[in-house]
There are 2 protein chains.
Amino acid sequence: MPKLDDVARAAGVSKATASRALSGAAGVSPATRAKVQHAADDLGFRASGAARRLATGLTRTIGVLTPSVDRWYFGSVLHGIAHAADAHEHDVLLYDLGAFGRGGHEKFERFMRRGEVDGLVTITWSLVGGDLSRLAELGIPVATVGEPTPHSRSFCLDDSAAGEQAAEHLVRLGHRDLLHLSSETEVQPIDASSSDRRKRAFERVSARHGLRLRPVIVTPTSLEGSHLAAREILARRDRPTGIVASTDEVALGVLLAAHHLGIRVPEELSVIGVDDVPTAAAFGLTTIRQDPAQHGEDVVAWIMSALAQHPHGQPDTEPDRSHTSYAPVLVIRSSTAPPREPRG
Amino acid sequence: MPKLDDVARAAGVSKATASRALSGAAGVSPATRAKVQHAADDLGFRASGAARRLATGLTRTIGVLTPSVDRWYFGSVLHGIAHAADAHEHDVLLYDLGAFGRGGHEKFERFMRRGEVDGLVTITWSLVGGDLSRLAELGIPVATVGEPTPHSRSFCLDDSAAGEQAAEHLVRLGHRDLLHLSSETEVQPIDASSSDRRKRAFERVSARHGLRLRPVIVTPTSLEGSHLAAREILARRDRPTGIVASTDEVALGVLLAAHHLGIRVPEELSVIGVDDVPTAAAFGLTTIRQDPAQHGEDVVAWIMSALAQHPHGQPDTEPDRSHTSYAPVLVIRSSTAPPREPRG
DNA sequence: CTGAAAGCGCTTACAG
DNA sequence: CTGAAAGCGCTTACAG
């Protein structure tokens, strides 16, 4: 493995000059730069990352703390992050924390002990408030996606607006008897979870239009969980005419339950979700779309700009803790329609 | 940030001794070790990874090259890798290559230029043969999951057995008229893709039992894609009594198509997939199970053992290029049953 | 069992 | 525009 010294010698210059030429620093004559570049290419020179890190203190790496990688939301955010990081020639160090209480905290401690990154993004639910505030000690740009939080810069769908839009869509179609179905948040979120915010939005719409008051149902977080819960709800003769689900996964469970019970959608039941997962289209699910990969790209863009302003750690000025809220988009498919005339 | 020197001074020993005490190296008196440990804890000392890397040449990082993170198979493998790497106190550097032709190759080049890792796992389809063989130049343990390949150590479901088991299950139930539906592989795989191997297995079973010969259908890789294709197939009066899908995603598309056409499953149509994705259970899909997270854990275990044997790069001996094949497991649910008596 | 010293491979003031 | 030298913070023979 050739090193800078070899390149310098081959080009007939000093290590200092070789370094400057290769890094693109100003103050190197074009001729010298070309000579060095040529030598480097010839030898197949690759600078040692470790040496550079030690000398500059910069890792060119951004860390990602996530509670999961094998679910749509997290995978999509991660995809966006990886893509954007790559565009900036940065690496992605992945910490798959898993849910808390299942070893997540230990992994977090390991990260704090070991992780050397220039910037950090934590995806919702990977951390609780106490840990999030410890992140500030790191002295690097930190951002959260999936949760508006006062602890750091954050990026997230406007859950309230999403919840309202979903309910309002059904109200506009003529529904007066809706039920809200959400799934549990596995980890205690920082403040209210996105489910909570969507649920509250639903309640506001309910109150605003004087809809029938029904208890909000919370199901286990899986298609199977919402399927079973929906089956019970829909089997009652007194079932609602529409269901507002907190996520597409929950909504899909409802669709499945309706299918098993022989309830036609949307003729006899309207269903709306949030997310627009890839399978939603195939199922004709009306939903509120969000684009987590975009959030991932944006969070990296922010980190890069923060890094550009303060190459070495946080300045004395207050860190940026603003929040970016994404507007939800209603996607109408075939799972929603006006309710049937009252039965009887 | 305290450094080793500070710890040494606080403990009243030399840097050398402090280093040895902290690293757990042999030849340090218990009393000294305790003293140093205490000082380190007191100061909140964290060794600089960059300095350690530079001194030892070890990164304590394993790289992952994957074509995707937001799909079940890849996400699951990644989850297993992250979990196992963490248990070994190693970090995971993620390279989300995306499909080739869409910038994947460029990202690969960047990895080759920059990625400094102790071991590497490439997940199927992220690389073509030529690139895979270049990986050998890295001089680090390399393994592939999802594809048996002569280029490196590899881990993969026994696709042939999976394909056979799926078809044999339906044959045992009495089916004589089956159709095989598979989805495209987005990237040119190293040898035959897993879809190909499953398809060929299906053909062997067909031949063995003298089943009706039907053309194999290939659909775009998405639920929507298989749904549409299945709709066309099932709408024909001459449709098969059972469908062997190359993956659960494809199988789910078939289920959806059957639902839309009013074809009852399993009474009028049997459907079987491969994977056992989380949604399969909710849909009552009979399938051939595989556990990608386990593959991820195993691949890391192998890398760790390879690293333990040859801490610094490959030895002169031939690298291990053996293959681990996982036995498929038939999971019978409610999407398969004996065919109805011949219609008419 | 412990220490002084060299070395890992870069970058960056400081001079010129 | 270029070079000599110090320094980043560890580890590891080599002596003792």
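Just so it is clear, the model here is predicted, and its values are computed rather than measured. In what follows, chains carry the letters A, B, and so on, assigned in the order in which the sequence lines appear, proteins first and then strands, with residues in each chain numbered from 1.
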Check the distance between [N]'s [atom2] and [X]'s [atom1] and give it to me in whole angstrom.
X        : N      : atom1 : atom2 : result
B/Arg9   : D/dC10 : CZ    : P     : 12 Å
A/Leu43  : C/dC10 : CG    : P     : 12 Å
A/Leu4   : C/dC8  : CG    : P     : 14 Å
B/Lys15  : C/dG3  : NZ    : P     : 13 Å
B/Arg52  : D/dT11 : CZ    : P     : 5 Å
A/Glu116 : D/dC8  : CD    : P     : 16 Å
A/Arg53  : C/dT11 : CZ    : P     : 13 Å
A/Asp6   : C/dC10 : CG    : C1'   : 13 Å

Expressed in whole Å, how much space separates the [atom1] atoms belonging to [N] and [M]?
N      : M      : atom1 : value
C/dC14 : C/dC10 : P     : 24 Å
C/dA15 : C/dT11 : P     : 22 Å
D/dT12 : D/dG16 : C1'   : 16 Å

Among [options], which nucleotide sits nearest the side chain of [X]?
X       : options               : result
A/Ala47 : C/dG7, C/dC10, D/dG3  : C/dC10
B/Ala16 : D/dT11, D/dA4, D/dT12 : D/dT12
B/Thr32 : D/dT12, C/dC1, D/dC10 : C/dC1
A/Ser19 : C/dT11, D/dG3, C/dC10 : C/dT11
B/Ser29 : C/dG7, C/dT2, D/dG3   : C/dT2
B/Thr56 : C/dC10, D/dG9, D/dT12 : D/dT12
B/Lys3  : C/dT11, D/dC10, C/dA4 : D/dC10
B/Leu54 : D/dC10, D/dC8, C/dC8  : C/dC8
B/Thr17 : C/dG9, D/dT2, C/dG3   : C/dG3
B/Val28 : C/dT11, C/dT2, C/dC8  : C/dT2

N or O in side chain of B/Ser14 less than 4.0 angstrom from C/dG3 OP1/OP2: yes
Over 12 foreign heavy atoms within 6.0 Å of NE2, A/His88: yes
Flag, side chain of A/Ser76 to backbone of A/Phe74, donor-acceptor distance under 3.5 Å: no
Between B/His90 and B/Asp118: side-chain donor-acceptor atoms closer than 3.5 Å: no
A/Thr149 and A/Ser154: side chain donor to acceptor below 3.5 Å: no
G-U wobble or Watson-Crick pairing nucleotide for D/dC1 (cut-off 3.5 Å, both distances): C/dG16
Residue among A/Leu93, A/Ile62, A/Val64 satisfying side chain to side chain contact (heavy atoms under 4.5 Å, CB included) with A/Val117: A/Leu93
Sugar-phosphate only, base, or nothing, as touched by B/Ser23 at under 4.0 Å among non-hydrogen atoms: nothing
Sugar-phosphate only, base, or nothing, as touched by A/Arg20 at under 4.0 Å among non-hydrogen atoms: base
Closest-nucleotide 5' rank along DNA chain C - winner of B/Gly12 and A/Pro2: B/Gly12
Ring geometry between A/His295 and A/Tyr326 (parallel below 30°, tilted from 30 to 60°, perpendicular above 60°): parallel
